[in-house]
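One structure is given here, and the rest of the page talks about it.
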Amino acid sequence: MKRAIALVDGNNFYVSCERIFNPAIEGRPVVVLSNNDGCVVSRSPEAKALGIRMGVPFFEVRRLVNSHGLVWFSSNYALYGDISARMMELLGEFAPRCEVYSIDECFLDFTGMVIDINRHGHNIRDRVRRWLGIATCVGVGTSKTLAKLANHVAKTQGHYGGVFDWEMLTAGERDDAMARLDVAEVWGIGRRLAPRLHDMGIRSVLDLRLAPAKRIRRRFSVTLERTVAELNGLPCIELEPSEVRRGQIAASRSFGRPVTALDEMREAVASYAIRAAERLRAQHSLCKEVGVYVETGRFVDIAERYNASSAVPLTVASDDTRRISAAALFVLERLWRPGYRYKKAGIWLGGLRPAHAIQTDLFAGYERTRSAQLMTAMDAINRNYGMHTATFAGAGIRQPWRMQSARLSPRYTTSWEELAVVS
DNA sequence: TCTGGGGTCCTAGGACCC
DNA sequence: TCTGGGGTCCTAGGACCC
């Protein structure tokens, strides 16, 4: 049976979320910034029209605030995450199987449904628009890669009304359309691969679709070979169930200002350890390795640059914040070099395994039980009374190194104190 | 002055073993 | 000076994604 896969995504999702509760910024250029108010990560159409590129450092476009009435927000993940969850729940009603691919994207599998796909797509858009106030686009194809590409067409070619299905076209029309799309638009072709493909004379999506698979495999990798197959309508990438256990957990932040003191760095690393361990327990995993990195960043003089990382194995796989934190601080001592202005640090947990498959040492049983009880209690307190109600002193109280969020909108939907009031 | 964070997958090469 | 072949496992690094 021919597959029908749709990709639905929210248009400039973070900006759309801000606009739900703030209609006054409708029609104005709006951007949402990355953590630390560093880069532009979401742009309204008006902001795009001003020539603001995705990912530019905010300081490069800041003058537009005064000259063109540009409105900006720090990113408010509590809000976006909540709107996202509602959107995904809604989308799940439109297909028997779906995969939440990112905070604003969802694959839906229409295969086998007896429907007019184009009309179904428009129904989805209308529903999400009316129920949540979020504009979406829907792209449909016989593979995930084609669905992603169709979504791009739906987004960039207004006459399709936000819904595009490759199967609406004849084979000849499809070739024409693909010949007009740059190969860089394909899912999996990034800034390194695109120029290499161009050099080989593969410039359009059609060129890539018609490229000999063996040659692609030889010159590149199986990944790109699969992409070519997917463009030809041979699905190679399956829909994945959304509740997957991550294979790796990382926590990191850029600092609000450079860190030069080891004490502050210890606080930062300890606080990342706390958060990473919480996420580890939330997915019922244990880790066998704890890694740390510290960075002065790429934007300083070579002589003042020091980027280093290292890891230690744990003798027994653990999800205990105290163990993970201790291991991280141990690694930090090894990495630490005084005299540098550090801009960022992070930790990662590796060797993840399900919590029930624990490989213990002889004496671990008793300690393990007590540790599990303590962690369960802390997680419950934080769930019920708000994040960081119960925490560890090692993470610091004032946290002067914390990131900047100068213009954070209220958590309209997830905090009683900041609830939006309709009058 | 100011440049995000959290993931995945693949490959090459080294370590180690018989 | 001479120094096999093949397999597995692990890691680092590179590419990509949003």
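A note on names: the letters A, B, ... follow the listed sequences, proteins ahead of strands, and every chain is numbered from 1. Just the heavy atoms: all of them, side chains too, but no hydrogens, waters or symmetry mates, feed the values below.
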* To do: May I have the distance from A/L224 (atom CG) to C/dC16 (atom P), rounded to whole angstrom?
  => 10 Å
* To do: Look at the rings of A/Y342 and A/Y306 and say which category their plane angle falls in: under 30° parallel, 30 to 60° tilted, over 60° perpendicular.
  => perpendicular
* Which of these nucleotides, B/dT3, B/dC10, B/dG4, is closest to any side-chain atom of A/T223? -> B/dC10
* Asked: Can you tell me how far P of B/dG4 sits from CZ of A/F299, to the nearest Å?
  -> 6 Å
* Using only heavy-atom distances, determine whether the side chains of A/E105 and A/S102 contain a donor-acceptor pair under 3.5 Å. => yes
* Asked: Are the charged groups of A/K144 and A/E99 less than 4.0 angstrom apart, N to O?
  -> yes
* Take atom CZ of A/R407 and atom C1' of B/dC2, then tell me their distance rounded to the nearest Å. => 16 Å
* To do: Measure the acute angle between the ring planes of A/F107 and A/Y101, then classify it against the limits of 30° and 60° as parallel, tilted or perpendicular.
  => perpendicular
* Asked: Taking OP1 and OP2 of C/dC17, is either one under 4.0 Å from a side-chain nitrogen or oxygen of A/K148?
  -> no
* Can you check the A/N12 CG to C/dC18 C1' distance for me, whole Å? -> 15 Å
* Does OH in A/Y77 sit with more than 12 non-hydrogen atoms of other residues, nucleotides or ligands closer than 6.0 Å? -> yes
* Asked: Which part of the nucleic acid does A/Y101 contact within heavy-atom distance under 4.0 Å: base, sugar-phosphate only, or nothing?
  -> sugar-phosphate
* All pairs passing salt bridge (Lys or Arg N to Asp or Glu O under 4.0 Å) where residues 78-94 of chain A contributes a residue, at least two apart -> A/D82-A/R86, A/E93-A/R127
* A/Y14 has an atom OH; how far is it from atom P of B/dG5, in whole Å? -> 13 Å
* Just call it for A/D104: base, sugar-phosphate, or nothing, with non-hydrogen atoms closer than 4.0 Å on any strand. => sugar-phosphate
* Complementary nucleotide for B/dC16 - Watson-Crick or wobble, under 3.5 Å -> C/dG7
Mind listing the side-chain donor-acceptor pairs of residues 231-240 of chain A below 3.5 Å, one per line with the distance, residues two or more places apart or on another chain?
unit_1	atom_1	unit_2	atom_2	d
A/N232	ND2	A/R209	O	3.0
A/N232	ND2	A/V228	O	2.9
A/E238	OE2	A/R3	NH2	3.3

* Asked: What nucleic acid atoms does A/V222 come within less than 4.0 Å of, heavy atoms only: base, sugar-phosphate, or nothing?
  -> sugar-phosphate
* **Nucleotide of B/dG4, C/dC18, B/dT3 approaching A/P57 most closely (side-chain heavy atoms)** => B/dT3
* Donor + acceptor pair across side chains of A/R407, A/S74 (<3.5 Å) -> no
* Asked: Looking only at atom C1', what distance separates C/dG4 and B/dC16, rounded to whole Å?
  -> 15 Å
* Nearest-Å distance, CD (A/E289) to C1' (C/dC10)? -> 11 Å
* Asked: What is the distance, rounded to the nearest whole Å, between atom CZ of A/F107 and atom P of C/dC18?
  -> 9 Å
* To do: Have a look at A/E105 and say if it touches a base, only the backbone sugar-phosphate, or nothing, with a 4.0 Å heavy-atom cut-off.
  => sugar-phosphate
* Hey, what's the ring geometry for A/F255 with A/Y272, parallel, tilted or perpendicular (30° and 60° as the breaks)? -> parallel
* Asked: Can any side-chain N or O of A/S285 pair as donor or acceptor with the backbone N or O of A/R281 at less than 3.5 Å?
  -> no
* CZ/A/R191: more than 12 non-hydrogen atoms of other groups inside 6.0 Å -> no
* To do: Report the distance from atom CZ of A/R196 to atom P of C/dG14, rounded to the nearest whole Å.
  => 13 Å
* Structure fact -> Per nearest nucleotide of DNA chain B, the residue lying toward the 5' end, A/P258 or A/S221, is A/P258
* To do: Name the residue closer to the 5' end of DNA chain B, choosing between A/K344 and A/E240 according to the nucleotide with the nearest heavy atom.
  => A/K344
* Considering only heavy atoms, which members of residues 247-255 of chain A lie under 4.0 Å from some atom of DNA chain B? -> A/G247, A/Q248, A/I249, A/A250, A/A251, A/S252, A/R253, A/S254
Could I get a table of every N or O pair under 3.5 Å where one atom is in the protein and the other is in nucleotides 7-9 of chain C?
none

* Give me the residues of residues 178-194 of chain A where at least one heavy atom lies under 4.0 Å from an atom of DNA chain C, by number, or none. => A/V186, A/W187, A/G188, A/I189, A/G190, A/R191, A/R192, A/L193
* Asked: Taking only residues at least two apart or on different chains, which pairs with a member in residues 255-272 of chain A satisfy salt bridge (Lys or Arg N to Asp or Glu O under 4.0 Å)?
  -> A/R257-A/E264, A/D263-A/R266, A/R266-A/E333
* Asked: Are A/E46 and A/R19 close enough for a salt bridge, meaning some N to O gap below 4.0 Å?
  -> yes
